[in-house]
Amino acid sequence: MDDLERRLRDLRHQLPDPPEESRRRVERAVLEALRARQRPARPRWVVVAASLAIGACAAGAALAATDNLDVRIGPPKEPAAAPAPGPVRVPAGLDGVALVAGDRLWLGTRSGLGVQGLAVSAAELSPSALYAAVGIGGSLVAMAPDGREAWSHPTGGRVVAAAWAPNPIVVAYVVRRGERNELRVIEGNGRNDQLVDADVGRARPSWRADTHAIAYVGADGRPRVADYPGLASREVDAPPGRVSAVAFAPDGERLALARAEGGLAVSVRGDEASGGWVPLGGRRTALAALAWGTSQELLVGGADPSDPSGARLWRVFAGAMGVGKPSAQAPAAGLAALAPLGDDRVVAAVRTGRGVQVWEADLPSGEAALAPTRVLLRVPAPTGAPVALSTR
C-alpha cells in the first residue's frame, strides 16, 4: 500500500492543478460517499483509501480541465430505454382501438382515456368502447378505459379470446384449461358464467347481430353455432376443410367462414352453406384475418406461411346467395389483423421488423399495395407473437 500510495502521489504532482471549484466538488463527493459506507472503527487503510480516492479524482478533474479525459464519477449509467409507445390515436368514426401484441395491451378511446403496456392474454372492446374484457392471469376482467376495474371473474385458466355481444351485454370468451379450450359466456355484470362447449379452437367467437347465436370453431376445426340463451350447439353444414376464422354479418344471419388452407365460404342462414370454398391465394395460403367491411363485402387477410412477404388483403363481394370473385388482391406484407372503418377505409395491424404497427389505411383497389394514410400506434413485440385487434 505504501508503494502504491507513493506512486499515485508522484503521478498527481505531474498533473496540472485543477480549477479550485472542480477540486472541492470532487473531494466533497468522495468524502460523502466514504462517510456513508464507513464503519465505526476507522483502520488506517480507510484513511489511505480516502486519500488515494481524492488524489485520483483530483487527477481526473485536472485532466478533464485540459480536455484530455472524460471523467464520470459513480456507477456507469444504464443504457437509455427505448421510447415508450405513445397513446393510441383513434381515427374518426371509431370510439376506441385496442391492440394486443406480445401479451401487452395498448388501448385508446375517443375521450383520450387509455391503457398502455398492460400485461394481458386477450382483450376485446365493448360496444361504444365503454369497457374492455381482458384476460389477466387466471381471470376475465372488465376494465374501463382509465384502467379502473369494473369486475373480475376467476376463469381457472388463461383467456385466449373474447367477444362482446351487441345487446344485451354478454361476453363470450375462450379459456385454456388443462389440454383443452372451453367456450363460455358471462353476463356483462360479471355474473352467471356458463359453459357453452368444453372443447373448442382458439379462434375468436362471433355474435350474431340479434345476440341469439354465437359462431365459433370447434376443436376439430369445424364451424359451429350455439344458441343464446339456450346454448344448444350444432355444427354448420359447411364445405370440408378446417376453419381458421368465423364472422357473422353485421346486419343478419350470414356467416363468413375462412379456411386455414386458403378459401372462403358464406353460410346463408347460419346452418346451411351456399356452395363450396372460393379459393383465395395459392394452395398453401393461410387465412387469418376476416372482417365484414360492409354488409356486402368481406375483407380477408392471409399469407403463405413459407413466404410472409407474400401476405395479401382480399376484398370479396359476399351477397345473400354466396361469395363472388375478389375485387382486389392487394399486397399487404406483415398483415396480422383487420377491422373495418367505413368509407372504404380500414384499420390494420401489421407486423414489422421491430414490432407491430396499427395503420389507418384506404382500402386498395386492383393490385395497389395496402399502405398507411396514418400510423396510429407503434409497439415493440417479439417476432411471431400473437396479434389481436379490436375496434368499436
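Worth saying up front: this structure is predicted, and the values here are computed from it rather than measured.
Taking the charged nitrogens against the carboxylate oxygens, D220 and R222 have no contact shorter than 4.0 Å, which rules out a salt bridge.
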* Asked: Could you go step by step and tell me if Y216 and V174 meet the side-chain contact (heavy atoms from CB on, under 4.5 Å) rule?
  -> CA-CA 10 Å; Y216 63 99; V174 178; over 6 Å; no
* Does the pair I186 and H153 meet the rule for a side-chain contact (heavy atoms from CB on, under 4.5 Å), with working shown? -> CA-CA 9 Å; I186 188 170; H153 176 75; 3.6 Å; yes
* **side-chain contact (heavy atoms from CB on, under 4.5 Å) assessment of L290 paired with L264** => CA-CA 10 Å; L290 176 63; L264 190 68; 4.0 Å; yes
* Asked: side-chain contact (heavy atoms from CB on, under 4.5 Å) between S267 and E253: does it pass, once the steps are laid out?
  -> CA-CA 8 Å; S267 168; E253 297 185 344; over 6 Å; no
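The closest side-chain heavy-atom distance from F317 to L298 is not below 4.5 Å. Looking at heavy atoms from C-beta onward, R204 lies out of side-chain contact with V160 at the 4.5 angstrom threshold. Looking only at side-chain heavy atoms (C-beta outward), L99 and L105 stay at 4.5 Å or farther from each other. Taking 4.5 Å as the limit, every side-chain heavy atom of L257 sits out of range of all side-chain heavy atoms of V266. At a threshold of 4.5 Å between non-hydrogen side-chain atoms, the residues P205 and L183 count as touching. You'll find the side chain of P91 reaches within 4.5 Å of the side chain of L341, heavy atoms only. Taking 4.5 Å as the limit, every side-chain heavy atom of R89 sits out of range of all side-chain heavy atoms of L377. The shortest side-chain heavy-atom distance between L280 and V300 falls under the 4.5 Å cut-off.
Criterion: ILVMFWY side-chain heavy atoms under 4.5 Å apart, direct or through other members. Under it, V88 and V100 are not part of a common hydrophobic cluster. Grouping the Ile, Leu, Val, Met, Phe, Trp and Tyr side chains by contacts below 4.5 angstrom, directly or via other members, places V175 apart from V200. Two different hydrophobic clusters hold V350 and V358 under the rule that ILVMFWY side chains link at heavy-atom gaps under 4.5 Å. V246 and V236 fall within a single hydrophobic cluster, where Ile, Leu, Val, Met, Phe, Trp and Tyr side chains are chained together by heavy-atom contacts under 4.5 Å. V379 and L107 are not part of a single hydrophobic cluster, where members link through side-chain heavy atoms under 4.5 Å apart.
The distance from atom OG of S152 to atom CD1 of I136, rounded to the nearest 0.5 Å, is 7.5 Å. Interatomic distance, L94 CG to S128 OG, rounded to the nearest 0.5 Å: 11.5 Å. Here the OG atom belonging to S233 is positioned 5.5 Å from the CG atom belonging to D197, to the nearest 0.5 angstrom. L335 CG to L313 CG: the interatomic distance, rounded to the nearest 0.5 Å, is 6.0 Å.
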Expected list for residues 380-392: side-chain donor-acceptor pairs under 3.5 angstrom, two or more places apart:
| unit_1 | atom_1 | unit_2 | atom_2 | d |
| --- | --- | --- | --- | --- |
| S390 | OG | E124 | OE1 | 3.4 |
| S390 | OG | L125 | N | 3.0 |
| R392 | NE | L125 | O | 2.9 |
| R392 | NE | S126 | O | 3.4 |
| R392 | NH2 | L125 | O | 3.2 |

I'd like a table of donor-acceptor pairs (distance under 3.5 Å, sequence neighbours excluded) in which one partner is a side-chain atom from residues 140-151, with atom names and distances.
| unit_1 | atom_1 | unit_2 | atom_2 | d |
| --- | --- | --- | --- | --- |
| D146 | OD1 | R148 | N | 3.0 |
| W151 | NE1 | G188 | O | 2.9 |

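Applying the side chain to side chain donor-acceptor pair (under 3.5 Å) definition to pairs two or more places apart or across chains, those involving residues 344-363 are R315-D344, R345-E360, Q357-W359, E360-R374. Within the structure, side chain to side chain donor-acceptor pair (under 3.5 Å) contacts touching residues 169-180 (residues at least two apart or in different chains) are Y173-D193, R176-N181, R177-E182.
Shortest non-hydrogen contact noted between W106 and A101 is CZ3-O, 3.7 Å. Across all their heavy atoms, I169 and P127 have their closest contact at CD1-CG, 4.1 Å. The minimum heavy-atom distance between A133 and V171, with the atom names listed, is CB-CG1, 4.2 Å. Residues S244 and A203 come closest through the heavy atom pair O-CB, 3.7 Å. S139 and P154 make their closest contact through OG-CA, 3.8 Å (heavy atoms, listed as atom of the first residue, atom of the second, distance). Between P331 and A368 the shortest heavy-atom distance is CD-O, 3.8 Å.
In this structure, the side chain of R259 does not engage the main chain of A245 through any donor-acceptor pair within 3.5 Å. The closest donor-acceptor contact from the side chain of R208 to the backbone of L255 lies at 3.5 Å or more, if one exists at all. Side-chain atoms of W277 come within 3.5 Å of backbone atoms of P240 as a donor-acceptor pair (strictly under, hydrogens ignored). Formation of a donor-acceptor pair under 3.5 Å by the T294 side chain with backbone atoms of Q296 is found in this model. At least one donor-acceptor pair closer than 3.5 Å links the side chain of T211 to the backbone N or O of N167. Under a 3.5 Å cut-off, the side chain of S206 and the backbone N or O of F248 do form a donor-acceptor pair.
In terms of the side-chain contact (heavy atoms from CB on, under 4.5 Å) criterion, P229 has no residue partners (sequence neighbours excluded). Listed by chain and number, the residues in a ring pair (Phe, Tyr, Trp, His ring centres under 6.0 Å) with W207 are Y228 (sequence neighbours excluded).
There is no side-chain donor-acceptor pair under 3.5 Å between S121 and R158.
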